[in-house]
Amino acid sequence: MNDRIRTDIAHNARVWNYWLGGKDNYPVDRAVGEQVTGFYPSIGEVARADRAFLGRVVTHLAADAGIRQFLDIGTGLPTADNTHEVAQRSAPDARIVYVDNDPIVLTHARALLTSAPEGVTEYVDADAHDPETIVKAASATLDFSQPVAVMMLGILNFVMDTDKARSIVRTLMDAVPSGSHLVLTHPTLEPELGGEGNHEAMAFWNENATPPITARSRADFASFLEGLDLLEPGIVSCSRWRAEGAPVVAQFGAVGRKP
């Protein structure tokens with residue numbers, strides 16, 4: 001077994017897989033997943049809402065906005081309706097680069113994240129804290145003179161310092177041209193989205209799992225999108241992004257376009 005794979009401590013990608021009903025997880029992941037659910041019963045709804053948000057956004061970008069390149073950072077374990085599958089339904093020639101640094105994700109991604117014949121799917125083993133390396137590696141597959149959708153769903157919450165998180169976003173968006181998009185989701189403690197229950201859940205997570213996680217306010221989340229044109233409906237619960245009447249979850253979602 002890869003010596004980077006830890007089966008004695010819960011890991012985000014595998015616990016998230018458990019919440020989504022997947023099978024690629026260990027007993028420790030299921031145990032922590034159950035404990036977090038005890039503190040915050042709607043966490044499974046958050047995971048499913050985040051995934052559904054990805055589907056709606058990628059469909060819009062590929063079918064309506066003409067985006068043909070996607071840089072998906074913090075891929076997580078493959079499940080139904082991955083970015084390339086959604087994009088290539090509308091645009092079979094779409095090119096997708098997945099980025100993650102978990103060895104189990106790497107193994108599964110290389111086996112399962114296969115492209116439509118007209119398009120390309122590639123995988124980069126890199127850390128979200130190192131955007132320069134991500135851009136350099138992704139440039140082997142993506143043309144950074146053409147618009148790119150930078151996908152960062154539930155990943156900036158693992159960058160504990162907000163200034164560092166902003167710097168990562170700036171570096172990535174500086175590398176892509178006008179017409180590119182930034183797609184973000186992020187957990188919050190804000191009561192308007194029912195985030196109060198996240199307090200205990202995140203504290204438990206940070207004592208029992210990896211990597212450590214943080215929530216952010218609407219203002220902090222908005223700061224990641226500075227200089228971009230927000231697509232309607234702006235910053236909302238990710239469950240409500242172009243989905244009328246869906247239950248609110250404590251996860252911000254937004255899409256910004258680089259002017």
Side-chain angles (χ1 to χ4, degrees), residues 10 12-13 15-16 18-20 32-57 60 73-74 76 128-129 150-170 172-173 181-257:
N12 176 68
V15 178
W16 195 255
Y18 171 68
W19 286 327
L20 286 170
V32 168
E34 283 296 312
Q35 288 272 13
V36 171
T37 302
F39 289 121
Y40 189 50
S42 62
I43 187 64
E45 294 171 32
V46 173
R48 291 185 291 274
D50 192 88
R51 199 71 189 177
F53 169 84
L54 180 151
R56 294 192 300 277
V57 171
H60 166 72
I73 301 169
H129 289 82
V150 179
M151 315 275 298
M152 303 189 79
L153 275 64
I155 190 66
L156 288 175
N157 38 285
F158 297 111
V159 180
M160 302 299 282
D161 182 82
T162 300
D163 288 339
K164 173 64 175 175
R166 277 194 286 266
S167 174
I168 289 168
V169 171
R170 278 197 299 271
L172 292 166
M173 296 311 293
H181 290 70
L182 175 65
V183 183
L184 295 180
T185 62
H186 199 296
T188 184
L189 302 177
E190 295 208 355
E192 66 180 281
L193 299 188
E196 306 96 319
N198 261 334
H199 279 285
E200 283 187 294
M202 287 188 174
F204 177 84
W205 176 272
N206 288 342
E207 291 173 4
N208 294 278
T210 188
I213 190 169
T214 188
R216 289 193 168 93
S217 66
R218 176 182 288 271
D220 282 342
F221 181 80
S223 74
F224 300 140
L225 294 144
E226 285 175 2
L228 304 179
D229 297 329
L230 279 179
L231 274 60
E232 290 294 334
I235 297 171
V236 292
S237 169
C238 69
S239 62
R240 289 281 181 91
W241 196 90
R242 302 193 180 184
E244 296 299 322
V248 169
V249 299
Q251 181 100 325
F252 286 125
V255 183
R257 183 183 185 277

Separation of [Y] [atom2] from [X] [atom1] (nearest 0.5 Å):
X: D220; Y: F252; atom1: CG; atom2: CZ; answer: 9.5 Å
X: L228; Y: L184; atom1: CG; atom2: CG; answer: 8.5 Å
X: S237; Y: E192; atom1: OG; atom2: CD; answer: 9.5 Å
X: H181; Y: D229; atom1: NE2; atom2: CG; answer: 9.0 Å

Between [X] (side chain) and [Y] (backbone), is there a donor-acceptor pair under 3.5 Å?
X: N206; Y: I213; answer: yes
X: T188; Y: R216; answer: yes
X: S42; Y: E45; answer: no
X: W19; Y: G33; answer: yes
X: K164; Y: V159; answer: no

Min side-chain heavy-atom separation [X]-[Y] under 4.5 Å:
X: I168; Y: M152; answer: yes
X: V183; Y: L153; answer: yes
X: N12; Y: W205; answer: yes
X: I235; Y: F221; answer: yes
X: F224; Y: R166; answer: yes
X: I73; Y: M151; answer: no
X: P233; Y: R240; answer: no

For Y18 and V32, run side chain to side chain contact (heavy atoms under 4.5 Å, CB included): C-alpha distance rounded to whole Å, both residues' side-chain angles, the deciding distance at 0.1 Å, then the answer.
CA-CA 10 Å; Y18 171 68; V32 168; over 6 Å; no

Side chain to side chain contact (heavy atoms under 4.5 Å, CB included), that's the test. Do L225 and L230 meet it? Break it down for me.
CA-CA 8 Å; L225 294 144; L230 279 179; 4.0 Å; yes

What do you reckon, is CD of E196 surrounded by more than 12 foreign heavy atoms closer than 6.0 Å?
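Yes.
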
Minimum heavy-atom distance between [X] and [Y], given as atom pair plus value:
X: T214; Y: H186; result: O-CE1, 3.4 Å
X: I155; Y: A128; result: CG1-CB, 3.9 Å
X: A201; Y: Y40; result: CB-CB, 3.8 Å
X: F53; Y: A254; result: CZ-N, 3.8 Å

Would you give me the side-chain donor-acceptor pairs under 3.5 Å for residues 241-251, sequence neighbours excluded?
{"unit_1": "R242", "atom_1": "NE", "unit_2": "E232", "atom_2": "O", "d": "2.9"}
{"unit_1": "R242", "atom_1": "NH1", "unit_2": "H60", "atom_2": "ND1", "d": "3.4"}
{"unit_1": "R242", "atom_1": "NH2", "unit_2": "E232", "atom_2": "O", "d": "3.0"}
{"unit_1": "Q251", "atom_1": "NE2", "unit_2": "D50", "atom_2": "OD1", "d": "2.9"}

Derivation and outcome, side chain to side chain contact (heavy atoms under 4.5 Å, CB included), residues L156 and V169:
CA-CA 9 Å; L156 288 175; V169 171; 3.7 Å; yes

Any salt bridge between R170 and E226, counting N to O under 4.0 Å?
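Not counted as a salt bridge, because no side-chain N and carboxylate O are separated by less than 4.0 Å.
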
Take M173 and V150 through the test side chain to side chain contact (heavy atoms under 4.5 Å, CB included) and record every step on the way to the result.
CA-CA 8 Å; M173 296 311 293; V150 179; 3.9 Å; yes

